[in-house]
Structure formats: structure tokens, C-alpha cells
Amino acid sequence: MTNHFYITTPIYYVNDVPHIGNAYTTIAADILARYHRQLGDDVFFLTGTDEHGNPAARAAERRGLSPLEHVNEMVKRFQELARRVNASNDFFIRTTDPEHERSVQKFLGKLYDRGDIYLKSYRGLYCPACEAFYAPKDLLEGKCPDHGTVCDEVEEENYFFRLSAYQSKLIEHFDKHPEFVKPQSRFNEARSFITGGLEDISISRATLKWGIPIPWDESQVVYVWVDALLNYLSALEYAGDHDLTPEFWPASYHMMAKDILKFHAVIWPALLMAAGNKLPEHLFVHGYLLMGGQKMSKTRGNVLDPFDIINRYGADAFRFYCFREVTFGQDGVVSIEGLDARYNTELANDLGNLVSRTTAMIEKFGGGLVPAATGSSESDIASLAGFVTTDATAAMSRVDLTGALEKIWVLVRRLNKYIEDEAPWKLAKDKTAANRLELVLYNLAEGLRICALLLQSFMPETSAEILRRLGQATKAGGLRQGILWGGLKTGGRVIAGEPLFPKIERS
RNA sequence: GGCGGUGUAGCUCAGCUGGUCAGAGCAGCGGAAUCAUAAUCCGCGUGUCGUAGGUUCGAGUCCUACCACCGCUACCA
């Protein structure tokens with residue numbers, strides 16, 4: 001029986017400019033998706049865009065377009081970002097998809113029928129940009145802390161969801177599922193927020209038009225966050241040629257940055273409970289990529305544009321850097337200087353050059369054919385490869401992406417050292433050492449093949465290219481059997497091509 | 001204010017349940033080698049493990065207080 005693995009990114013707000021944080025989350029989810037495909041799991045990987053709400057509606061108005069015309073254009077940049085980072089998503093959901101809208105209405109209708117939604121008049125300070133109410137204390141000089149705009153004193157009748165009714169059930173779920181939210185610190189944070197007391201939340205807006213109508217009261221639209229969260233469920237219903245829900249729900253992982261933890265760890269589970277759905281197995285909450293120790297922001301001017309980076313370094317290098325440099329789950333500092341350093345030392349010098357020297361030596365000393373294991377197969381390289389595989393896959397199962405890369409590099413470094421220790425160029429001059437030479441070349445090629453397989457989810461293009469140069473089938477990427485020592489297909493032609501990662505020269 | 005976290009070599013950080021735990025990578029210095037993208041490999045660190053106490057035969061590793069920074073949360077007066 002094949003294991004099903006459903007992973008999601010948040011849906012990104014279509015009116016914003018795609019930034020490095022979107023890319024980061026998407027790549028993280030993609031790495032896990034690819035990894036699980038490699039394990040042979042049946043994977044569904046979802047990303048998409050959140051398209052309703054006031055900011056998009058107003059931007060459309062300013063441009064003299066209908067909201068839909070506007071978002072149809074804006075969505076392209078996010079689809080482009082997914083392509084450029086090499087995301088292997090199985091579907092791209094848009095909350096303006098008619099199927100999604102119907103699904104949201106159906107879901108809310110269910111909660112309404114069950115009595116978990118009621119009408120209540122609410123009065124407060126409302127930020128139109130956030131589409132949220134603020135307590136006077138939360139405002140900075142009377143203005144929205146996020147947008148710096150004046151909040152309006154608003155009184156409206158809204159539909160409320162009985163979030164408060166789910167407090168104890170939520171805590172129970174947290175206590176029964178200590179791995180529900182990862183890392184642990186985020187679990188604690190979410191749990192303590194719940195124990196601190198939950199209030200019912202407004203799930204509709206009366207003043208807004210650009211949204212999904214409340215099915216039993218079309219004068220109101222669904223609050224964007226409820227609309228957005230439901231994408232995880234609705235997409236399964238129509239992304240395939242049949243309803244995928246039975247196979248893929250509950251989700252294995254929702255990936256997200258720390259700023260939207262509460263929506264996912266509190267409101268989302270409560271909504272699911274109310275509707276009688278299963279809860280996602282895990283939420284994984286990652287940190288921020290910082291520039292100069294500060295959160296990136298347009299006003300500070302300390303932003304890294306993911307498109308720029310990919311244009312200069314390639315998608316693989318970018319993917320590698322994000323997870324090599326910053327311990328996944330924590331905040332971490334990134335910079336162009338850091339990227340250059342990692343690129344040159346680890347990609348060009350360690351990995352790229354290892355590929356070059358290995359293929360060059362097989363070319364010069366081994367007739368250009370992928371060597372076979374000869375004589376005794378005694379090799380501490382083989383055992384190290386085994387340990388590294390075990391460690392790296394264990395790290396992946398903990399979603400410790402940084403740890404996995406660290407382990408893989410132990411093998412990369414060891415292979416470089418192995419070349420120095422064995423000095424094939426000396427063995428090549430000694431006629432009695434022919435068998436030894438072939439074994440050394442074999443160990444190098446086989447070690448490198450295993451590196452390539454372990455790196456496949458992180459750097460799919462590089463991985464395929466390494467395999468190609470070693471005369472291996474590019475698709476032979478299985479991690480259950482293919483990863484075992486001895487899987488090298490021998491006899492094929494090695495390709496000694498251009499450097500995988502040409503050095504970056506910096507002024 | 002409450003809760004939680006962090007503070008270890010110049011830099012980024014590993015160090016789980018106390019006894020080679022004083023480490024890794026990068027940067028720097030010296031050397032070897034030449035298959036390779038002058039790429040690699042080897043050697044070199046006297047670090048008050050935030051501060052001050054305490055528990056223990058023994059503490060980055062446990063306890064207390066304090067300092068700094070961060071996150072969540074609250075708001076009495």
C-alpha cells in the first residue's frame with residue numbers, strides 16, 4: 001500500500017509582490033514533496049494564491065479594472081515564481097476558482113446548520129487594509145500597526161464562528177498530538193495562546209463586495225482568512241479528475257512562516273472540528289530570512305529579490321543556500337556575500353569540483369567508462385555512505401532540511417579526501433595497481449551517485465546532471481533500493497563536461 | 001507584568017537524559033599534492049562556554065538571582 005503525502009504552502013496574497021519569503025516556503029514544501037516522491041509515496045503538493053479582499057479590490061479600482069481582471073494579471077507573477085524556483089506543485093489553486101467558492105459556501109453552510117455560526121453586532125476600530133478589527137491599545141497613534149493607516153470606527157452585523165466552544169477540544173488535540181505543530185517552540189506558543197482563552201471570531205464582512213458571498217445572506221462576504229484556509233480542503237475536490245479528498249486528506253504538512261501560526265494552529269483546526277473533518281497531521285512553522293539582522297522590508301531597502309538571485313545563481317543554488325545557511329525552523333541571516341561564499345566553497349569547490357575531478361580521472365585513468373567494483377569491495381567510503389544516508393533520511397523525516405544537507409556534505413568532503421588519500425594518478429603509474437585503481441574510481445563514482453540521490457529533492461537539476469555525467473539514468477532516483485551501495489550502473493560512458501557551478505567572481 | 005526562548009572560538013552555529021564536551025564549518029596562517037573550476041588534502045584555536053552564586057566527587061550540561069537580546073501574551077495602576 002502506498003503512502004499518501006499531502007503538503008501545502010500558504011496561498012500568497014495576490015496583490016503583493018512575490019518576495020523571498022514566498023519563495024522560501026514554496027521551496028521548503030517542494031523539497032519535502034520531491035523527497036516523498038523519491039520515497040515512492042503518492043504525493044500531492046499544493047500552492048496557490050489568495051485573491052479576495054479589499055486591497056486587491058481597491059488596486060483594481062485604481063487601475064480601472066474589475067477585481068477579477070486585476071487578479072488574473074497579478075496571479076501570473078506568483079505562478080512565475082513557482083516555476084522559477086522549480087516548484088513541482090501538482091496544482092495551483094486560486095481562491096477565485098468557482099469550484100473553490102462553491103466549496104467554501106458549502107463548508108460554511110454546514111457550520112451554519114450545525115449552529116456554530118451566529119449573527120452579532122460588533123463595534124470597533126477597523127483597518128480596511130487588514131480587514132481586521134483592532135483594540136484601541138493595539139493601535140500606534142490611532143493607526144493600524146501594519147499599514148500605518150487610520151482605522152475607522154465601524155459598527156456592523158457580522159456572522160461569528162463559535163471558536164470559544166472549541167477551546168478544550170483544541171487543547172486536548174494538542175496534548176494528544178505533540179507533533180501537531182513543529183518546531184516545539186511553536187507548538188508551545190500556539191497551545192499557550194489557546195489556554196489563554198479564545199473568543200468567537202467574525203467570519204464575514206458586510207462592507208466588502210470582493211469576496212465569496214455568505215450562502216444564506218448574500219449581503220455579506222466570507223472573511224478572507226476563512227476563505228483562504230479552506231483552500232487546503234477545496235483544492236482536493238477539483239484538482240484531479242476525481243475527488244482526491246479520500247486519498248489525501250488529512251494533509252501531512254502545512255508549511256508556513258511564523259506570522260500565520262495562529263490562523264493555522266487555532267482557527268483552522270477549530271473550523272475543521274466544527275465541520276467534522278480530520279485535522280492536518282502537522283504544521284511546520286519556519287522562521288524569517290533576515291538581512292543584516294533585520295526583517296526584510298521595502299521601506300528599509302534590505303530586500304533580496306528571488307527572481308534576481310535565480311537569474312544570477314540558478315534555482316538550485318538558491319534552493320541550496322536557503323536551507324544550508326539558515327537552520328530550518330529558525331530565523332537566520334542571509335546576504336549576497338553569504339550566498340557567494342556558500343556557492344564558491346560548497347557548490348563550486350566541494351561538490352562541483354568533485355564531479356569534475358572524478359569524471360576527469362575516469363576519463364584519463366579508466367578509459368572513460370563507468371568502472372565496476374573489482375576485487376575486495378572493502379571500503380570505509382561504502383560504510384560512510386550508509387551512515388550518511390541513514391542520518392540524512394532521518395533528518396528529512398524530522399523536516400530538518402538543514403541537518404540533512406549538513407550530513408550530505410560530510411560525504412562530499414570525505415570523497416574529496418578519499419581522492420587525496422588514494423591518489424589515483426599514482427595508482428595509474430603502477431601497473432600492479434590496476435585493480436586498486438578501478439576500485440577507487442568505482443567508489444568515487446558510486447559515492448557521488450549516492451550524493452546525487454540524496455541531493456535530488458534539494459537540487460533537482462544538479463542531481464540529474466551529476467547522474468547524467470556518471471552515465472546513470474537520471475530518473476533512477478528511488479531512495480529505498482536505489483540509494484543502497486552498489487547500485488551504480490557500470491560500463492556506461494562518463495561525461496566530463498563544463499563545471500557544474502562556475503566560480504562567482506566578485507569585485 | 002506573565003509565559004517561553006536565546007546568550008559557546010573573528011563569523012555562523014553543534015553540544016540529548018551532568019563525567020575526553022571544550023567541538024564543526026567558514027575566515028586566517030603554514031605545508032603537501034597536481035586528477036580537478038589555483039579547485040583539494042594536512043597541520044595550527046590558552047575560547048572566563050552572558051554575569052554572580054549554589055547543588056555535586058565532578059556542570060556549557062542541573063538550581064537561584066541578575067544582565068542583554070528575541071518571541072508570544074496581558075494590562076493592573
Side-chain angles (χ1 to χ4, degrees), chain A residues 135-138 181 183-199 257-263 265-266 285-290 292-295 317 321 323-335 337-366 368 371 391 394-395 398 400 402-403 405-410 412-429 437 440-441 443-445 448 462 465 469 494 496-505:
Chain A
K137 289 282 189 180
D138 294 332
V181 180
Q184 182 69 42
S185 55
R186 299 298 170 195
F187 177 97
N188 297 340
E189 192 178 313
R191 192 186 181 284
S192 76
F193 178 79
I194 298 167
T195 55
L198 300 177
E199 290 181 14
K258 61 186 184 180
D259 54 334
I260 53 177
L261 168 65
K262 276 191 285 181
F263 294 101
V266 183
V285 183
H286 70 250
Y288 288 146
L289 300 180
L290 308 172
Q294 291 188 307
K295 192 175 169 180
Y321 177 65
F323 296 93
R324 180 72 171 125
E325 184 80 343
V326 177
T327 302
F328 191 53
Q330 301 178 10
D331 288 357
V333 176
V334 294
S335 64
E337 293 72 22
L339 173 52
D340 282 344
R342 290 279 183 193
Y343 180 96
N344 281 338
T345 59
E346 300 191 333
L347 293 180
N349 296 352
D350 290 346
L351 179 63
N353 188 47
L354 174 63
V355 173
S356 293
R357 58 199 312 216
T358 298
T359 51
M361 287 191 293
I362 292 173
E363 210 47 82
K364 287 188 184 176
F365 310 136
D391 289 350
R398 293 192 305 269
D400 178 8
T402 309
L405 283 176
E406 215 163 274
K407 292 301 177 186
I408 297 166
W409 244 254
V410 168
V412 171
R413 291 202 185 91
R414 181 66 183 86
L415 289 170
N416 272 317
K417 178 175 162 54
Y418 182 65
I419 296 176
E420 300 301 321
D421 292 346
E422 298 296 334
W425 50 91
K426 285 182 185 162
L427 296 175
K429 290 176 186 156
L437 174 61
V440 169
L441 295 180
N443 286 338
L444 284 173
L448 206 42
T462 300
E465 181 60 13
R469 294 195 185 194
V494 154
E498 291 297 300
L500 250 43
F501 299 100
K503 274 283 191 60
I504 305 271
E505 301 298 342

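Chain A is the first sequence line, chain B the second, and so forth, proteins listed ahead of strands; every chain is numbered from 1.
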Query raised in the report: So, the side chain of A:Y321 versus the backbone of A:D340: is there a donor-acceptor pair under 3.5 Å, distance only?
Result: no
Report summary line: Between A:L437 and A:F365, the two heavy atoms sitting closest are CD2-O, 3.7 Å
Query raised in the report: How many Å lie between NZ on A:K258 and C1' on B:G4, as a whole number?
Result: 14 Å
**Report entry** Minimum-distance nucleotide (side-chain atoms of A:W425 versus B:C35, B:U73, B:G71)
**Finding:** B:C35
Query - Nearest-Å distance for atom pair OH/P, residues A:Y288 and B:U6 - result: 20 Å
Query raised in the report: Among B:C35, B:U73, B:U37, which is the nearest nucleotide to the side chain of A:K262?
Result: B:U73
**Report entry** Nearest-Å distance for atom pair CZ/P, residues A:R324 and B:C26
**Finding:** 9 Å
Query raised in the report: Counting only N and O atoms by type, is there a donor-acceptor contact under 3.5 Å from the side chain of A:N353 to the main-chain atoms of A:A348?
Result: no
**Report entry** Nearest-Å distance for atom pair CD1/P, residues A:I362 and B:A36
**Finding:** 13 Å
Report task. Take atom P in B:G50 and the same atom in B:G5, then report the distance between them in whole Å. Result -> 16 Å
Query raised in the report: Between B:C69 atom P and A:L290 atom CG, what is the distance in whole Å?
Result: 17 Å
Requested in this report: Write down the distance separating the P atoms in B:C26 and B:G43, rounded off to the nearest Å.
Outcome: 13 Å
Requested in this report: Could you tell me which nucleotide pairs with B:G25 by Watson-Crick or G-U wobble geometry, both distances under 3.5 Å, or answer none if nothing does?
Outcome: B:C11
Report task. Measure from CG on A:L437 to P on B:C35 and round the result to the nearest Å. Result -> 13 Å
Query raised in the report: Any side-chain N or O of A:Q184 under 4.0 Å from OP1/OP2 of B:C16?
Result: no
Report task. To the nearest Å, give me how far apart CG (A:D259) and C1' (B:C70) are. Result -> 16 Å
Query raised in the report: Counting only Watson-Crick or G-U wobble pairs whose two distances fall under 3.5 Å, which nucleotide matches B:G45?
Result: none
Query raised in the report: Taking atom C1' in both B:U17 and B:A33, what distance in whole Å separates the two?
Result: 46 Å
Report task. Please determine, for B:A65, whether a Watson-Crick or G-U wobble partner exists with both distances under 3.5 Å, and give it or none. Result -> B:U51
Requested in this report: Pick the P atom in B:G1 and in B:C66, then give their distance to the nearest Å.
Outcome: 11 Å
Query raised in the report: P atom, B:G2 versus B:C49: distance in rounded Å?
Result: 29 Å
Query raised in the report: What is the per-nucleotide protein-contact pattern of nucleotides 38-45 of chain B, from the 5' end, where B denotes a base atom under 4.0 Å from a protein heavy atom, S denotes such proximity for sugar-phosphate atoms only, and - denotes neither?
Result: -BBSS---
Requested in this report: Using the C1' atom on both, measure B:A39 against B:C44 and round to a whole Å.
Outcome: 22 Å
Query raised in the report: Would you find a donor on one side and an acceptor on the other, under 3.5 Å apart, between the side chain of A:T402 and the backbone of A:F323?
Result: yes
Query raised in the report: Between B:A36 and A:K364, is there an OP1 or OP2 to side-chain N/O distance shorter than 4.0 Å?
Result: yes
Query - A:D350 side chain to A:R413 backbone, donor-acceptor under 3.5 Å - result: no
Requested in this report: Would you mind pulling out the nucleotide paired to B:C3, Watson-Crick or G-U wobble, both distances under 3.5 Å?
Outcome: B:G71
Query - Minimum-distance pair of heavy atoms, taken over all atoms of A:A445 and A:I362 - result: CB-CD1, 4.2 Å
Query - For atom CG of A:N188 and atom P of B:G5, their distance in whole Å - result: 8 Å
Query raised in the report: What pair of heavy atoms forms the shortest contact from A:L441 to A:P371, and how long is it?
Result: C-CG, 3.6 Å
**Report entry** Counter-base of B:U34, judged by Watson-Crick or G-U geometry with both distances under 3.5 Å
**Finding:** none
Report summary line: Scanning all shown strands, the Watson-Crick or wobble mate of B:G58 with both distances under 3.5 Å is none
Query raised in the report: Expressed in whole Å, how much space separates the P atoms belonging to B:C29 and B:U20?
Result: 34 Å
Query - Distance-minimising heavy-atom pair for A:R469 and A:V355 - result: CD-CG1, 4.2 Å
